[in-house]
Amino acid sequence: MSSLNEIPWDELRERAVRATSNSYSPYSHVKVGAAGYTTDGRVVEGANVENASYGLTLCAECSLVSDLARQGGGRLAAVSIVAGDTKPIAPCGRCRQLLFEHGGNGLLIDAGPDTAPRHLHELLPEAFGPDDLGLRASQ
Ligand code: THU
């Protein structure tokens, strides 16, 4: 688990804001950008990619997780997600689960314009995750 002051928040927020310019959001017109900092010091980025079949929209966090995989994987230590107004926004429920897979309870998240970064554990308590599969499989 990383502590708040080990994270280059200014850089992350700047990279997230820059990523909003790659947003493909012709339907909602809500541009979202995300930037993540890995435990080995890399930055990964993403932007939302909408689809005419609305339900298939990829959130900025989906795109960020794809960038993490594209870079060879690793663990996320912190994530900043911003909207087109440059202010942090809270990740949607599905993306909390996506981020849990790659950062776990200790992942730090810029969770809104008026709150300090919080651990994912607070945003997604008692999460279901990879460990549960081993524990609950029948054989
Ligand atoms: N969106 C994200 O990219 N991340 C979130 O966590 C919340 C929502 C996007 C999806 C859609 O393109 C737009 O915001 C409006 O919902």
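Start at 1 and go down the list; that is how both ligands and their atoms are numbered.
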Asks: So which heavy atom in the protein is nearest atom 7 (C) of ligand 1, and how far is it from that ligand atom?
Replies: C92 CB, 4.0 Å
Asks: Counting only heavy atoms not in R18 (residues, nucleotides, ligands), do more than 12 fall under 6.0 Å from its CZ?
Replies: yes
Asks: Provide, to 0.1 Å, the distance between atom 15 (C) of ligand 1 and the closest protein heavy atom, together with that atom's residue and name.
Replies: S28 OG, 3.6 Å
Asks: What atoms of ligand 1 come within less than 4.0 Å of a heavy atom belonging to N48?
Replies: 3 (O), 9 (C), 11 (C), 12 (O), 13 (C), 14 (O)
Asks: Mark up the atoms of ligand 1 that fall under 4.0 Å of a heavy atom belonging to E61, in ascending order.
Replies: 2 (C), 3 (O), 4 (N), 5 (C), 6 (O)
Asks: Could you list which atoms of ligand 1 come closer than 4.0 Å to a heavy atom of E50?
Replies: 11 (C), 12 (O), 13 (C)
Asks: Applying a 4.0 Å heavy-atom criterion (strictly less than), which segment of A60 is in contact with ligand 1: side chain, backbone, both, or neither?
Replies: both
Asks: Which of these passes side chain to side chain contact (heavy atoms under 4.5 Å, CB included) with H102: L107, V65, V79?
Replies: V65
Asks: Kindly work out whether a path of hydrophobic side-chain contacts (I/L/V/M/F/W/Y, heavy atoms less than 4.5 Å apart) joins V49 to L68.
Replies: no
Asks: If the test is side chain to side chain contact (heavy atoms under 4.5 Å, CB included), which one of L58, L56, T57 qualifies with E50?
Replies: T57
Asks: Nearest protein heavy-atom contact for atom 14 (O) of ligand 1: which residue, which atom, what distance?
Replies: V32 CG2, 3.6 Å
Asks: Do E6 side-chain atoms and A77 backbone N/O form a donor-acceptor pair below 3.5 Å?
Replies: no
Asks: Quick one: pull up NE2 in H29 and OH in Y27 and give me the separation to the nearest 0.5 Å.
Replies: 9.5 Å
Asks: Mind checking whether L58 has an N or O less than 3.5 Å away from an N or O of ligand 1?
Replies: no
Asks: What atoms of ligand 1 come within less than 4.0 Å of a heavy atom belonging to C59?
Replies: 1 (N), 2 (C), 3 (O), 4 (N), 5 (C), 8 (C), 10 (C)
Asks: Heavy atoms only: give me the nearest R42-G73 pair and the separation to one decimal.
Replies: NH2-O, 2.7 Å
Asks: Mind listing the closest non-hydrogen atom pair of L120 and L99 along with its distance?
Replies: CD2-C, 3.9 Å
Asks: Among the heavy atoms of P91, does any lie under 4.0 Å from an atom of ligand 1?
Replies: yes
Asks: Would T57 count as a polar contact of ligand 1, with the cut-off being nitrogen or oxygen pairs under 3.5 Å?
Replies: no
